[in-house]
Protein chains: 2
Amino acid sequence: MSLYSPGETAEETGFSLDTLRYYEKIGLLPRVHRNASGQRRFSDSDLYWLALLRCLRVTGMPIAEMLTFAELTRDGGDDTFVERMALLKAHDRRIESQIAEMREKQRAIREKIAWYEDNIP
Amino acid sequence: MSLYSPGETAEETGFSLDTLRYYEKIGLLPRVHRNASGQRRFSDSDLYWLALLRCLRVTGMPIAEMLTFAELTRDGGDDTFVERMALLKAHDRRIESQIAEMREKQRAIREKIAWYEDNIP
DNA sequence: CGTTGACCTGGAGTGCACTCCAGGTGCCAA
DNA sequence: TTGGCACCTGGAGTGCACTCCAGGTCAACG
């Protein structure tokens with residue numbers, strides 16, 4: 001079990017230093033361990049959690065909902081497995097329909113590109 | 001060639017009345033025709049253009065870039081076909097990589113769901 | 001004739017998710 | 001011992017894309 005500096009963690013996870021502090025501040029991250037001089041030292045489990053947050057964020061989950069998920073995870077224990085799973089499943093369905101919509105719009109854009117292709121003066 | 005009220009246009013395009021006015025104000029839409037009492041009457045070509053804007057927006061193109069595209073379309077004539085096409089092609093590539101990233105993150109989320117599934121207490 | 005309802009304007013306000021800042025600490029290398 | 005770097009804090013500021021508001025016009029309906 002190793003520990004990571006804020007810089008390493010930012011590098012690893014793709015979040016900025018400020019975002020890491022911000023996430024901790026709003027409670028999206030559990031209190032991060034500090035070394036003797038007060039600097040953050042992220043654990044493997046912090047990194048794992050951050051990776052999951054990254055997945056949720058990139059796929060468009062709003063912070064408020066990630067917060068709900070974080071709270072279930074932090075305070076709930078096993079009792080909230082079903083609830084957490086439901087939340088992720090709902091999000092998965094949203095991802096699916098987002099991608100479907102993007103594909104549909106992409107088709108229209110490609111038609112437009114093809115039209116230009118055929119009509120270059 | 002028919003004309004559409006703001007309400008109909010909002011309905012049709014999925015943009016709100018306010019957004020329609022906003023887009024006209026910032027120049028994303030050419031000046032929209034008005035009836036005798038000053039109310040907007042959108043044409044078929046306005047609707048066509050709005051549908052294209054919708055595709056770009058939904059797929060994540062920033063307003064500033066749509067504005068570039070609008071300016072090329074408005075002022076450029078045929079001379080800008082190549083440029084417009086390049087802009088759309090670049091956007092199409094971005095859509096592609098966005099979808100790829102979403103799919104990748106979705107996989108991780110589904111693994112997490114599966115893990116919960118297997119570990120319901 | 002009055003009152004809806006859809007629309008008009010310019011400009012202010014909102015929500016989200018960061019991002020930046022000033023002023024400070026701690027530690028290491030030259 | 002002095003410079004530089006990575007980090008710390010609370011709080012203010014930013015950018016984007018709308019969204020709302022007050023106060024007004026207009027046309028049609030009962």
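Values reported hereafter were calculated over all heavy atoms of this structure, with side chains retained and with hydrogens, waters and symmetry mates removed. Protein chains get the first letters and strands the later ones, always in sequence-line order, with residue 1 at the start of each.
Residues from residues 87-100 of chain B with heavy atoms under 4.0 angstrom of DNA chain D: there are none. DNA chain D lies under 4.0 Å from at least one heavy atom of each of the following residues of residues 7-25 of chain B: B:Ser16, B:Asp18, B:Thr19, B:Tyr22, B:Tyr23.
Summarising the geometry, the separation between CE on B:Met66 and C1' on D:dC16 is reported as 12 Å, rounded to the nearest angstrom. Residue A:Leu67 contributes atom CG, which lies 13 Å from atom C1' of C:dA17 at whole-angstrom precision. Residue B:Phe42 contributes atom CZ, which lies 10 Å from atom P of C:dC7 at whole-angstrom precision. In this entry the distance linking NE2 of A:His33 with P of D:dC7 reads 16 Å, nearest Å. We find that CG of A:Leu29 is positioned 13 Å from P of C:dC18, with the value rounded to whole Å. Distance, B:Leu3 CG to C:dA6 P: 20 Å, rounded to whole Å. Rounded to whole Å, the distance from CG on B:Asn35 to C1' on C:dC8 is 11 Å. In this structure, A:Ile26 atom CD1 and D:dG11 atom C1' are separated by 16 Å, rounded to whole Å.
Along DNA chain C, the nucleotide nearest to B:Gly38 and the one nearest to A:Arg57 differ in position, and the one closer to the 5' end is contacted by B:Gly38.
B:Tyr48 and B:Leu53 fall into different hydrophobic clusters, where Ile, Leu, Val, Met, Phe, Trp and Tyr residues are linked whenever their side-chain heavy atoms come under 4.5 Å apart, directly or through other members. Linking Ile, Leu, Val, Met, Phe, Trp and Tyr residues whenever their side-chain heavy atoms come within less than 4.5 Å leaves A:Ile26 and A:Leu17 in two separate clusters. In this structure, B:Val32 is a member of the same hydrophobic cluster as B:Leu47, with clusters built from ILVMFWY side-chain heavy atoms closer than 4.5 Å.
The phosphate of D:dC8 (OP1 or OP2) has a side-chain N or O of A:Arg40 nearer than 4.0 angstrom. Side-chain N/O atoms of A:Arg41 include none lying less than 4.0 angstrom from OP1 or OP2 on D:dA6. Taking side-chain N and O atoms only, B:Ser5 has a distance below 4.0 Å to OP1 or OP2 of C:dC7.
The main-chain N or O of A:Met61 is found under 3.5 Å from a side-chain atom of A:Arg57 such that the two form a donor-acceptor pair. Side chain of A:Asp46 to backbone of A:Ser43: a donor-acceptor contact under 3.5 angstrom is found.
Using a cut-off of 4.0 Å between Lys/Arg side-chain N and Asp/Glu carboxylate O, A:Glu8 and A:Arg40 are scored as not salt-bridged. Salt bridge status for B:Glu96 with A:Arg103: present, with a side-chain N to carboxylate O gap under 4.0 Å.
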Apply salt bridge (Lys or Arg N to Asp or Glu O under 4.0 Å) to residues A:Glu117 and B:Lys89 and explain how you reach the verdict. CA-CA 11 Å; A:Glu117 202 95 62; B:Lys89 280 183 173 174; 3.5 Å; yes

Worked check of ring-ring contact (aromatic ring centres under 6.0 Å, His included) between B:Tyr23 and B:Trp49: CA-CA 12 Å; B:Tyr23 279 8; B:Trp49 176 245; over 10 Å; no

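Judged purely by distance below 3.5 Å, without hydrogens or angles, the side chains of A:Ser16 and A:Asp18 never pair a donor atom with an acceptor atom.
Between B:Met85 atom CE and B:Leu72 atom CG the span is 12.5 Å, to the nearest 0.5 Å.
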Between N or O atoms, less than 3.5 Å apart, protein on one side and nucleotides 26-29 of chain C on the other: list the pairs.
none

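Side-chain atoms of A:Ile63 lie closest to C:dC18 of the nucleotides D:dA17, C:dC18, D:dT9.
Within the 4.5 Å cutoff, side-chain heavy atoms of B:Phe15 are placed close to those of B:Leu50.
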